[in-house]
There are 2 protein chains.
Amino acid sequence: MKNRLKVLRAERDWSQGDLAERLKVSRQSVNAIETGKYDPSLPLAFRIADLFDLSIEEIFLRD
Amino acid sequence: MKNRLKVLRAERDWSQGDLAERLKVSRQSVNAIETGKYDPSLPLAFRIADLFDLSIEEIFLRD
DNA sequence: TCGCTATGTCAATGTTCCTTTACTATTGAA
DNA sequence: TTCAATAGTAAAGGAACATTGACATAGCGA
């Protein structure tokens, strides 16, 4: 499952730490999700979508 | 996090076992998600959305 | 009544998600 | 060149998701 987190973050000039803080998760979690180590939980996916004001489907892509 | 699984299933007259089979998960997992014991993983949420031809946001509701 | 289906639940186990702590490497500014 | 910020990774532990197998209950039709 791919995602556009890195791009969305870059568009806002946020570091992984910035994003982690806004999502209330660790920086390592953000890194793991961005680098494809694992997918976020559904609740976290919703927080991400809410933060970027996008739908989950616009951020996470079926592979 | 609430969801409309039970209603969607009823609309199609599927048992929990039927749905589980289509999603390739156990009947207990379907039951646990329906009864709110836990939320599905993001990949499973996508399979559910695909099966019902709906968006994740149309099935899972922020509480 | 008997048998079958559906639902709900439990225990035990395994996998995935998320954490903290820590270390390395790279880049850019002072 | 030195320092700080960023990114990536790893290990170890805890929490959440998902499994199999089992059991109880309720409803329905033969």
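Order of the sequence lines fixes the chain letters, A, B, ..., with proteins taken first and strands second; residue numbering starts at 1 for each chain.
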(message) With a 3.5 Å cut-off and heavy atoms only, can you find an N or O donor on one side and an acceptor on the other between the side chain of A:Gln28 and the base of C:dT21?
(response) yes
(request) Could you check A:Trp14 against B:Tyr38 and say which one's nearest nucleotide on DNA chain D is further toward the 5' end? (result) A:Trp14
(request) Find which nucleotide of DNA chain C each of A:Lys24 and A:Arg27 is nearest to by heavy atoms, and output the residue with the more 5' nucleotide. (result) A:Lys24
(message) In the structure I gave you, are the side-chain heavy atoms of A:Asp39 and B:Pro43 within less than 4.5 Å of one another anywhere?
(response) yes
(request) Taking the side chain as every heavy atom from C-beta outward, state whether A:Phe52 and A:Arg12 have any pair of such atoms under 4.5 Å apart. (result) yes
(message) Can you give me the first and the last nucleotide of DNA chain D (5' to 3') that has an atom within less than 4.0 angstrom of a non-hydrogen atom in chain B?
(response) D:dC17 to D:dA22
(message) Whole angstroms only, please: what is the CD-C1' distance between A:Glu21 and C:dC18?
(response) 17 Å
(message) I want to check something: taking the side chain as every heavy atom from C-beta on, are B:Arg4 and B:Leu61 in contact at a cut-off of under 4.5 Å?
(response) yes
(request) For the residue pair A:Phe46 and B:Arg62, establish whether any side-chain heavy-atom pair is separated by less than 4.5 Å. (result) yes
(request) Starting from P on C:dC10, measure out to NZ on B:Lys37 and report it in whole angstrom. (result) 7 Å
(message) Could you check whether any side-chain heavy atom of B:Pro40 comes within less than 4.5 Å of a side-chain heavy atom of A:Leu42, counting everything from C-beta outward?
(response) yes
(message) Among residues 41-62 of chain A, which ones have heavy-atom contacts with DNA chain D below 4.0 Å?
(response) none
(message) Would you say that B:Trp14 contacts B:Leu51 through its side chain, given a criterion of any heavy-atom pair below 4.5 Å between the two side chains?
(response) yes
(message) Would the distance check show the side chain of B:Thr35 and the main-chain N or O of B:Asn31 forming a donor-acceptor pair, the cut-off being under 3.5 Å?
(response) yes
(request) Report the nucleotide, chosen from C:dA22, C:dT19, C:dT7, that has the shortest atom-to-atom distance to any side-chain atom of B:Asn31. (result) C:dT7
(message) Between A:Leu54 and A:Leu8, is there a side-chain heavy-atom distance shorter than 4.5 Å?
(response) yes
(message) Quick check on DNA chain D: between A:Ala32 and B:Val25, whose nearest nucleotide comes earlier from the 5' end?
(response) A:Ala32
(message) I need the CE-C1' distance between B:Met1 and C:dC17, as an integer number of Å.
(response) 16 Å
(request) May I have the step-by-step check of salt bridge (charged side-chain N to carboxylate O under 4.0 Å, His left out) for B:Arg27 and B:Glu21, ending in yes or no? (result) CA-CA 8 Å; B:Arg27 182 183 65 83; B:Glu21 196 174 347; over 6 Å; no
(message) At 4.0 Å (heavy atoms only), tell me whether B:Ser26 reaches a base, stays on the sugar-phosphate, or touches nothing.
(response) base
